[in-house]
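First the structure, then my questions, so here it is.
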2 protein chains.
Amino acid sequence: MAKITSVSPLAPASFPDLPVIEGVRFASIAAGVRYQGRTDVMLAHLAPGSTVAGVFTRSATRSAPVLDCQSKIGRDGDEGAAIIVNSGNSNAFTGARGVESVRAVTGAVADTLALPVHRVFSSSTGVIGEPMKHERVVAVLDDLKSALSADGIADAARAIMTTDTFPKGSATEIEIDGKTVRIAGIAKGSGMIEPDMGTMLVYIFTDAAVPQPVLQSLVSALNRTTFNCITVDSDTSTSDTLLVGATGASGVQITEHSIGFMEGLRRVMLDLAQQVVRDGEGATKLVEISVTGAASDADAHRHAKSIANSPLVKTAIAGEDPNWGRVVMAVGKSGARADRDTLSIWFGDIKVAENGWVSPAYDEDLAAAYMKGQELIIHVDLGLGGGTARVWTCDLTHGYIDINADYRS
Amino acid sequence: MAKITSVSPLAPASFPDLPVIEGVRFASIAAGVRYQGRTDVMLAHLAPGSTVAGVFTRSATRSAPVLDCQSKIGRDGDEGAAIIVNSGNSNAFTGARGVESVRAVTGAVADTLALPVHRVFSSSTGVIGEPMKHERVVAVLDDLKSALSADGIADAARAIMTTDTFPKGSATEIEIDGKTVRIAGIAKGSGMIEPDMGTMLVYIFTDAAVPQPVLQSLVSALNRTTFNCITVDSDTSTSDTLLVGATGASGVQITEHSIGFMEGLRRVMLDLAQQVVRDGEGATKLVEISVTGAASDADAHRHAKSIANSPLVKTAIAGEDPNWGRVVMAVGKSGARADRDTLSIWFGDIKVAENGWVSPAYDEDLAAAYMKGQELIIHVDLGLGGGTARVWTCDLTHGYIDINADYRS
């Protein structure tokens, strides 16, 4: 792995204070799966009665842990649940051996915590295509069990990092019927990020009581406007996993009409998604692409992703160049409906183009000054209909090349 | 424009000797449209009786010259034809003013050469969204007319360059019915290259006699396996234009069944397409992505493009890292049919993966040595059907960032 010597300039000032989610305990340990001198395995234990929902990469070459999780999600049980995660090796494209590794690890966790194996979810992140030393994970399970603690979530966020330059956490509290519901989550990811669902690895926990089908439908719906709307480099991992566990310890019952809970969950998911972009490999700017006036929401999303993934747009942003011509190019190539002459483009509040040409009031010096900011908004209105989308991306810099031209050496 | 100080390491040793195509004359001049101290306008004149076919970008934000060409292609006439091209300004996204510029330039060329205006085709390449100083082109037309010469094609190839580091030319001769038919072409392009048709600007000429509908159908068909199969950065220009002119001066009549002519035209088109990739911005390696065993040709093309456009694959190639896990990732995300366990991958002749895992005979040192070559082949067999595709791309290096984070400064 290339040495990451400095934290992303877009990182939050500090890791947030995450509240204890009653009913969930965490432990982390250095098992030496691949890395030395750092923690690389985390275990989360959810109390009996907890429900778990998840969304996963749509890649046709999904990793063995993802396939295993997908086969287990939605199978109910009151026994509690566990999530075991290692960094350093993704156990993806490892053939029959990969399946054995997942069975070995989840089976051993089930034994250690006295859970049925279908309630043990696993994730692996790191290099693709190398056999995983799963015996190193199995060997530390007793130690992990002894170390389980209600306030171990911040350490867990660190144990799952790979090329990340900072651990990612987010939390919120909602008052429902006079009681407090807490939601806290962690995420990792900074490259190979254009999730067709949640990006890389995300684990969110709440003490609300949420029936599994309700939790699943909330998570799937909210995923579409959060993790599905970020892109670092247009590459989709074989291992993307988002798991959400609800312990019910707060005693607050959630239905699909609980707007407050939904809003809280959306906040945490969006915050974690944006933190992943903030840690985009080599990123120096966080960019929101806002598209309005498209023929449909799907068209708006297609335009927004085309802009957000364009290497020419992303290098222009890196160079602090208000090169709106490249935005026009990206709209043109997206395949979604566009009319050159009804298109308008803004950088922040600065209108740069309208009526098929540069805006009469456009001041390039003003736009160039705007581009020096660390957080930018590019807004495109198609002038065709009511379709909208928002997508978050980062710039494409020398740092991305440095990290990825040397990943395995 | 960023200074390009050195020629691409993938450039051919020298510009080829292009034969005279009887019936076509060329002239180039320094008009100062944007650049100083170099030629930036080229004029080609085709003798009466010539036919012209073309394919163009499918971008929804096509430039004014492209829209004008499209309206003229297929309108027959015996008067001859002309092609006028400027570099430095693409006249794209320039609103009504852009249309005026095209009318002014093509109208003036028609007057100068005594042609109907619908037989004058124009292209512009360079910055998007800035008004074009078309009067500077009009002002040099008389000089261009005086300078027209049968052997001016090499100078024309230089006049149309923008970020190109070398001029691109290709030619072939075919014997048909005891007579010699010549084909010669020039191209420019090195960034914003994922043609949805021909890339950037390409002009090919032949002394064969080809009815316009035959020429058009040949060019459209051959385009699918040549210019449509290259990608530098997945970005599609607003100005991509390929024009092919046939003067008939050789006296050889071509029909849609003239296999020899078709093969010759294909060779020239593929050579020019690959030269564009060889001049990919920042490129240090030319990479052929060969996909076989896909469920259909369309699926094969989708997989090949997904691999060829993946920033992670392209940075691994830049780093000479045989990181086949990223190839697996790119196949998985393409959206086309794939089965992890029937997939095989080769780097050159080295089989790296099969049966959903690394190949038992795989030797990483051997693969790493292979990756040091300047021309690489990545071959993926899906093991599903008979679909095949070949695509050409280059690596993603610091040079790409240097050029594009600073294009307009």
Side-chain angles (χ1 to χ4, degrees), chain A residues 57 59-62 90 92-98 127-130 191-192 194 196 233-238 309-312 315-316 318-319 321 323-326 328-334 336-341 343 353 355-358 396-398 400-401 404-409, chain B residues 57 59-62 90 92-98 127-130 191-192 194 196 233-238 309-312 315-316 318-319 321 323-326 328-334 336-341 343 353 355-358 396-398 400-401 404-409:
Chain A
T57 181
S59 169
T61 53
R62 286 191 276 282
S90 73
F93 211 71
T94 43
R97 171 82 181 266
V127 172
I128 297 178
E130 293 189 6
M192 210 183 273
E194 187 191 13
D196 232 339
D233 57 9
S234 82
D235 277 339
T236 303
S237 163
T238 53
N309 281 328
S310 160
L312 287 172
T315 46
D321 176 1
N323 194 325
W324 56 272
R326 295 185 184 175
V328 173
M329 176 281 300
V331 167
K333 76 163 181 166
S334 78
R337 241 187 90 195
D339 180 334
R340 194 189 58 189
D341 297 333
L343 194 64
N355 301 321
W357 204 19
V358 66
L396 173 57
T397 67
H398 287 295
Y400 184 86
I401 310 270
N404 288 301
D406 195 36
Y407 177 66
R408 301 194 312 171
S409 59
Chain B
T57 181
S59 169
T61 54
R62 286 191 276 282
S90 73
F93 211 69
T94 42
R97 172 80 181 265
V127 173
I128 297 178
E130 293 189 6
M192 208 182 275
E194 187 190 14
D196 232 339
D233 57 10
S234 81
D235 278 338
T236 303
S237 163
T238 53
N309 280 327
S310 161
L312 287 172
T315 48
D321 176 2
N323 194 324
W324 54 272
R326 295 185 182 174
V328 174
M329 175 281 301
V331 167
K333 75 162 183 168
S334 78
R337 242 187 90 198
D339 180 334
R340 194 189 56 188
D341 298 333
L343 193 63
N355 301 321
W357 204 18
V358 66
L396 173 57
T397 67
H398 286 296
Y400 185 84
I401 311 269
N404 288 301
D406 195 35
Y407 177 67
R408 301 196 310 170
S409 59

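Reminder, nothing fancy here: chain letters follow the sequence lines and each chain counts from 1.
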**Request:** Under the side-chain contact (heavy atoms from CB on, under 4.5 Å) rule, what do Leu343(B) and Phe93(A) come out as? Steps first, then yes or no, please.
**Result:** CA-CA 10 Å; Leu343(B) 193 63; Phe93(A) 211 71; 3.7 Å; yes
**Request:** May I ask you to decide if Arg62(A)'s main-chain N or O and Arg340(B)'s side chain share a donor-acceptor pair within less than 3.5 Å?
**Result:** yes
**Prompt:** At their closest point, which heavy atom of Leu312(B) faces which heavy atom of Tyr400(A), and how far apart are they?
**Reply:** CD2-OH, 3.3 Å
**Request:** Mind checking the CG-CG spacing from Leu396(B) to Leu396(A)? Nearest 0.5 Å is all I need.
**Result:** 6.0 Å
**Message:** Can you give me the closest heavy-atom contact between Thr61(B) and Val328(A), atom names plus distance?
**Reply:** OG1-O, 3.1 Å
**Asked** Between Arg97(A), His398(A), Arg337(A), which residue shows the highest count of heavy-atom pairs closer than 4.5 Å to chain B?
**Response** His398(A)
**Prompt:** Checking Thr397(A) against chain B: side chain, backbone, both or neither under 4.5 Å from a heavy atom?
**Reply:** backbone
